[in-house]
Amino acid sequence: MNEAMAGAIWLGLGVYLGAGLLAGLGVILFGLKRLAPEAGRIPWRVRLVILPGLAALWPVVLARLAGVRPAEDRP
Amino acid sequence: MAAGYSIVGWNGFKRVYDGMLALGLSLFVLAHFGAGLLSAPAGQHPSEIQLLIRATGAAAFSLLTIILCIGPLARLSPRVLPVLYNRRHLGVACFFTALVHAGLVVLWYHGFSEMNAIISLLTSNPRYASFGGFPFESLGVLALLILFVMAATSHDFWNHVLGPRLWKWIHMSVYAAYGLLVAHVMLGAVQGETGLAQAALAGGSALLVTGLHVVAGRLEWARDRTTDLPPEGEDWLDAGPAEAIPNGRAVILVPPAGERIAVFREGAKIYAVANACRHQGGPLGEGRILDGCIVCPWHGFQYRPEDGCSPPPFTEKIPTYRTRVTGGRVFVEPVPQPPGTPMAPSMAGEAG
């Protein structure tokens, strides 16, 4: 692996996680009620624990917010 | 369960479990550090940072080996179930230990470079086309990323949002991480970065994990092969005599198609529900009925046997099945009803 390729991987990972962090912040501020309506009030410390996962899996979470349900919940 | 979320649903058992985990991990790192210090030839002492890098790496690898052994061991002996109960804390501890190891490596070997430390890590050994010379550090980075995703999604919130199937799929990637780490340790030894003894231990650990999975897998496979077929002229499966089902316990049926079915007896009442827990697929039929609820042996999730619903305020649901008792024998229609469908129990008059 040369320096350019390693730089591209590092940049790609940074952009993905950075976008995920922004999306995750949006979700923990405004989207958790839609993701887990039955959960009641989610404490802030739990929201912070969830944030790294949101940064990593934000495309799936955004799909859930857009109405795509887990496989086992589909009719 | 999904009624409310806290960081950890603490109880006495989890406190003891985590206390022992912290103690064990600390003692392991200290012992490894001390052994490294004492065993080095005079005048060739590695630095304290290098010893700590090796100790945390060995601790993370050993912890992951233990984590992977717990699953098959719990299939072989129910006495291991208490260790399985809080396994995710082991996983999170493993990730943080590996993160300390990786952080020290980056700081010590690449932190003083003018180049970005991660780019330096990925390019310091360019022999990606070589087998024996392959940069083992990259394998460690990949494994660490997998462990990060697993630790970051270990909270029950993620099981709920992703759905058990996707959640399980993501967490099965632990095997890929383990394979990468075995290669990481072995290549490290080939390239003189770690000792041969560590490589031998890594190989032995991989064999142990593989062996346990093969043994447990063979048992499950044998069980699945002995499908429960309906008696001739019957569409329903025969679960045997009602009195043969221990009170508060279940027998597990393997239908020709679909998921396993857990057939419970509570006094004279017979119920049938899906065997897989909605949480992490734990075998409900190996649990018991306590206070009117089926309790999963893995993490204590509860379901009412009459409708497959978790008691309020929880919201999990599993499929139920029709049952009947004829001539003292229990029969189950192998057609799952939608999760949460109420199903009146059959009465086994003679069972008590």
Side-chain angles (χ1 to χ4, degrees), chain A residues 1-18 20-21 23-25 27-28 31-75, chain B residues 1-8 92 95 115-129 134-135 137-138 141-142 145-146 148-170 276 278 281 310 312-319 338-339:
Chain A
M1 187 181 300
N2 58 32
E3 210 174 302
M5 197 186 289
I9 290 173
W10 179 237
L11 182 69
L13 198 62
V15 168
Y16 178 85
L17 289 178
L21 207 56
L25 281 171
V27 169
I28 64 169
L32 283 187
K33 262 280 165 253
R34 280 187 64 191
L35 284 172
E38 71 293 336
R41 198 188 139 270
I42 299 180
W44 273 101
R45 55 184 181 276
V46 177
R47 293 174 193 235
L48 290 177
V49 165
I50 290 167
L51 188 58
L54 290 168
L57 295 180
W58 58 273
V60 183
V61 174
L62 293 186
R64 292 282 183 270
L65 280 172
V68 180
R69 288 187 286 165
E72 46 275 87
D73 287 351
R74 287 177 209 150
Chain B
M1 296 166 85
Y5 290 114
S6 56
I7 293 178
V8 178
V92 173
F95 164 68
M115 193 187 283
N116 173 307
I118 303 294
I119 295 175
S120 166
L121 175 88
L122 293 174
T123 56
S124 57
N125 175 359
R127 291 181 293 166
Y128 280 87
F134 191 91
E137 299 91 341
S138 307
V141 171
L142 215 51
L145 284 175
I146 294 173
F148 161 68
V149 174
M150 291 177 56
T153 56
S154 62
H155 195 275
D156 271 350
F157 168 86
W158 287 104
N159 194 290
H160 173 74
V161 169
L162 301 174
R165 204 174 302 170
L166 178 57
W167 189 91
K168 189 89 182 169
W169 187 86
I170 288 172
R278 186 77 168 74
S310 292
F314 303 108
T315 57
E316 283 76 9
K317 293 174 189 170
I318 52 172

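Throughout, a chain's letter reflects where its sequence line sits, starting with A, and its residues are numbered from 1. Since this is a predicted model, take the numbers as computed values, not measurements.
Across all non-hydrogen atoms, the minimal contact from B:V161 to A:R64 is O-NE, 2.6 Å. Pairing each heavy atom of A:V49 with each of B:H155, the nearest pair is CG1-CD2, 4.4 Å. Nearest heavy-atom pair, A:A6 versus B:I119, reported as atom, atom and distance to 0.1 Å: CB-CG2, 3.9 Å. For B:L122 against A:M1, the heavy-atom pair with the smallest separation is CB-SD, 4.0 Å. When all heavy atoms of B:F148 and A:A56 are compared, the closest pair comes out as CE2-CB, 3.8 Å.
Contact of A:L57 with chain B is made through the side chain alone, with heavy-atom distances under 4.5 Å. Heavy atoms closer than 4.5 Å to chain B are found in both the backbone and the side chain of A:L54. At a 4.5 Å heavy-atom cutoff, the contact between B:I118 and chain A is made by side-chain atoms alone. There is no contact between B:L121 and chain A, counting heavy-atom distances below 4.5 Å.
The 12-atom threshold is not exceeded at CE of A:M5, counting heavy atoms of other residues, nucleotides or ligands nearer than 6.0 Å.
Taking 4.5 Å as the limit, every side-chain heavy atom of A:N2 sits out of range of all side-chain heavy atoms of B:Y128. With a 4.5 Å cut-off on side-chain heavy atoms, A:L32 and B:F157 count as touching. Using a 4.5 Å heavy-atom threshold, the side chains of B:N116 and A:W10 count as touching.
The residue among A:L48, A:L51, A:I50, A:V60 with the most heavy atom pairs within less than 4.5 Å of chain B is A:I50.
For the ring pair (Phe, Tyr, Trp, His ring centres under 6.0 Å) test, residues two or more places apart in sequence or in another chain that qualify with B:W167 are B:H171.
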